[in-house]
Amino acid sequence: MEKQLRGRAHKYGKNVDTDVIIPGKYCNIIDTVELGKHALEGIDPEYTSKMKPGDIIVADTNFGCGSSREVAPIAIKGSGTSAVIAKSFARIFYRNSLNIGLPIFESAEAVDGIAPGDEVELEPATGVIRNLTKGTTFQAAAFPPFMQSLIEAGGLQPYVERRLAEMSASTN
Amino acid sequence: MLWGPAANYRFMGQTLTEKILARHAGLERVEPGQIINARVDLVLANELSAAVAIGVMRNIKGASRVFDNEKIALVEDHFVPAKDAQSAKLAKLMKDFAKEQNIKHFFDVGRGGIEHVVLPEEGLVAPGELIVGGDSHTCTYGALGAFATGMGSTDIAAAFVLGEVWLKVPSTIKIVYSGTLSEMVVAKDLMLKTVGMLGIDGATYRAIEYHGSTVDALSITGRITMANMAIEAGAKNGIFHADEKAIAYVTERTDRPFTVEHSDANARYERVLEINVDDLEPQVACPHTPDNVHPISEVTRDEISLDQVFIGSCTNGYIEDLRIVAKILDGKKIASNLRVIVNPGSQKVWMQAAEEGILTKLAAAGCAVNTPGCGACFGGHMGTLGDGERCMSTTNRNYVGRMGSPKAEVYLGSPATCAASALAGKIADPRALDLVGV
Ligand code: SF4
């Protein structure tokens, strides 16, 4: 995991759903970079042209609601966006983001304390969010312990490999 | 078990969802918030979620085979018959995988339909089972008393190889429906009303348990419509108790043994919601969220002219739905200002509709009848909306861009409301139709 992430904030409202994050017509694309070119196209067609690698999406409640399409967090990651900060996340999007390694931060205070264009620095390991433009600091909600252990293990894949090994050991 | 909070309500009863999860985790009981490792009875994917999942699986060391080739269902439905070469590539990828892994339940074009229509129909869903799917509307199977939830492709890849998933046990919201539905008011209206009351994140991380005499009286299709849209309130799953009707539906389709359980009388609910439906009107979800729900009398105060009516999807693509639409359109012509697109939910639904003369009636009224599949529901193909177009649809989502252009508008309603609107050329109240015996 990256130690620190840094970029400018792009702000959106509540219920940013998966249909606007990556419209259905692009869901037959599996290439990450190609998907990234259409990130947020449904809500902000300019997003990918105005953002710079490292920039951060800041949004209100229920980010990522709607479908289970894993290409939603993949598209955001593929665009070069370094993280999403939201007041809350929809369930499947939250899980998918952790699985594919898109850093997500849950903090209502940070969302209210960050204006569009603010320079923001994030520490995924600690959940610390710094608004460098305003000189303020926020703390994101901690991940539940089980998810923390998944993240530390490097995502779901190493976890599955370990479980597979355990299973074959117990049947041999 | 991997991790769990201190259980402080050890003496409370369990909800149906908790019982199913506990049994699949090999535990006596589970508590909301607890993380469990649960055995799965079926893992589902469509050609989009499978394509990504297969890629992930190839990268998992030591994972060359799926855990059980009879417990995986692969259904081609989103972009098929392939709308372009890229979609054909994904469909082929899944088909090749099905062959390589000798997957028993693989449904190619012409032999399946929409995944959530196909699985119950084929007897692949039974009460008490635990099903995960690479599609958010996997929650549909709660209609038959199963715990079913949607996940992303990486989780599905893990389930393909492990035959188990990690889950956080949800707390449960109990909804009790009472009263009798009026003429032309159906399960879809009941569920739109519910989503409107809960809000699109009102049940996030929660289970919804449906109760009451109103839903007891519903057909299995009606319950499917309601469980299907649990995700529209953000829920992890939506579940009905399997009654005689549900058990009969399942045993007609499979010999597989299953377990029927019930929530305990002293089960712990996070919230209990009571809805009386005696005065319920047909409901419409207006743009651009499924919880922007209004009674039809309010919506029709404005003239809302339409460019398209869409009948289909895993919410309302069933034979019962097509029967209502055919009855309303029989012998009439749809309004000249719009087109009507019909996607029967599955090959079986299509064939049944053909046998009953429904397809001919619809075509004669001016509807375009498609082959089964998701089609326009998610803006994939076969009825994608253009800039400034407005659609009345039997589907489940109306987010910006859901059915095509971000500058289009989607209204959600029942098959009856959609059919009445097709005749009127604008959003119309099906109760105003002068139809003898409908
Ligand atoms: S019919 Fe629509 S909601 Fe149902 S699985 Fe297909 S795209 Fe998803």
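Keep in mind that what you see is a predicted model, and the values were worked out from it rather than measured. Proteins get letters first, then strands, A, B, ... in listed order; numbering begins at 1 in each.
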[X] versus chain B, the contacting section by heavy-atom distance below 4.5 Å:
X	value
A:Ile92	side chain
A:Ile30	both
A:Leu150	side chain
A:Phe93	neither

Taking everything shown except [X] itself, do over 12 heavy atoms lie less than 6.0 Å from its [atom1]?
X	atom1	result
A:Lys52	NZ	no
B:Lys407	NZ	no
B:Lys95	NZ	no

*Top contributor to chain B interface from A:Pro45, A:Gly66, A:Cys27 [non-hydrogen pairs under 4.5 Å]*: A:Gly66
*side-chain contact (heavy atoms from CB on, under 4.5 Å) between A:Arg163 and B:Asn37, worked out*: CA-CA 11 Å; A:Arg163 280 295 292 158; B:Asn37 239 345; 3.7 Å; yes
Looking at [options], which makes the most heavy-atom pairs under 4.5 Å with chain A?
options	answer
B:Thr138, B:Asn59, B:Ile231, B:Asn396	B:Asn59
B:Val56, B:Asp135, B:Asp155, B:Thr149	B:Asp155
B:Glu164, B:Met57, B:Glu47	B:Glu164
B:Ile156, B:Val161, B:Ile200	B:Ile200
B:Leu162, B:Val400, B:Leu48	B:Leu162
B:Gly150, B:Gly55, B:Ala157	B:Gly150

Closest contact, heavy atoms only, [X] versus [Y]:
X	Y	result
B:Ala158	A:Val160	CB-CG2, 3.5 Å
A:Leu164	B:Gly62	CD1-O, 3.7 Å
A:Phe89	B:Thr204	O-CG2, 4.3 Å
A:Ser68	B:Ser136	OG-N, 3.1 Å

*Give me the contact list for residues 18-26 of chain A versus chain B, heavy atoms only, anything under 4.5 Å, ordered by residue number.*
A:Asp19, A:Val20, A:Gly24, A:Lys25
*Going by residue number, which parts of residues 77-85 of chain B are within reach of chain A, meaning a heavy-atom gap below 4.5 Å?*
B:Phe79, B:Lys83, B:Asp84
_Any donor-acceptor N/O pair, B:Asp201 side chain to A:Asn62 backbone, under 3.5 Å_ =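 A pair under 3.5 Å: no.
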When rounded to the nearest 0.5 angstrom, what distance separates [atom1] in [X] from [atom2] in [Y]?
X	Y	atom1	atom2	result
A:Arg69	B:Ser153	CZ	OG	11.5 Å
B:Met151	A:Arg95	CE	CZ	4.0 Å
A:Asn15	B:His288	CG	NE2	13.0 Å

*B:Arg397/A:Ser67 under side-chain hydrogen bond (donor to acceptor under 3.5 Å, both in side chains): CA gap, chis, key distance, verdict*: CA-CA 9 Å; B:Arg397 287 192 182 131; A:Ser67 95; 4.8 Å; no
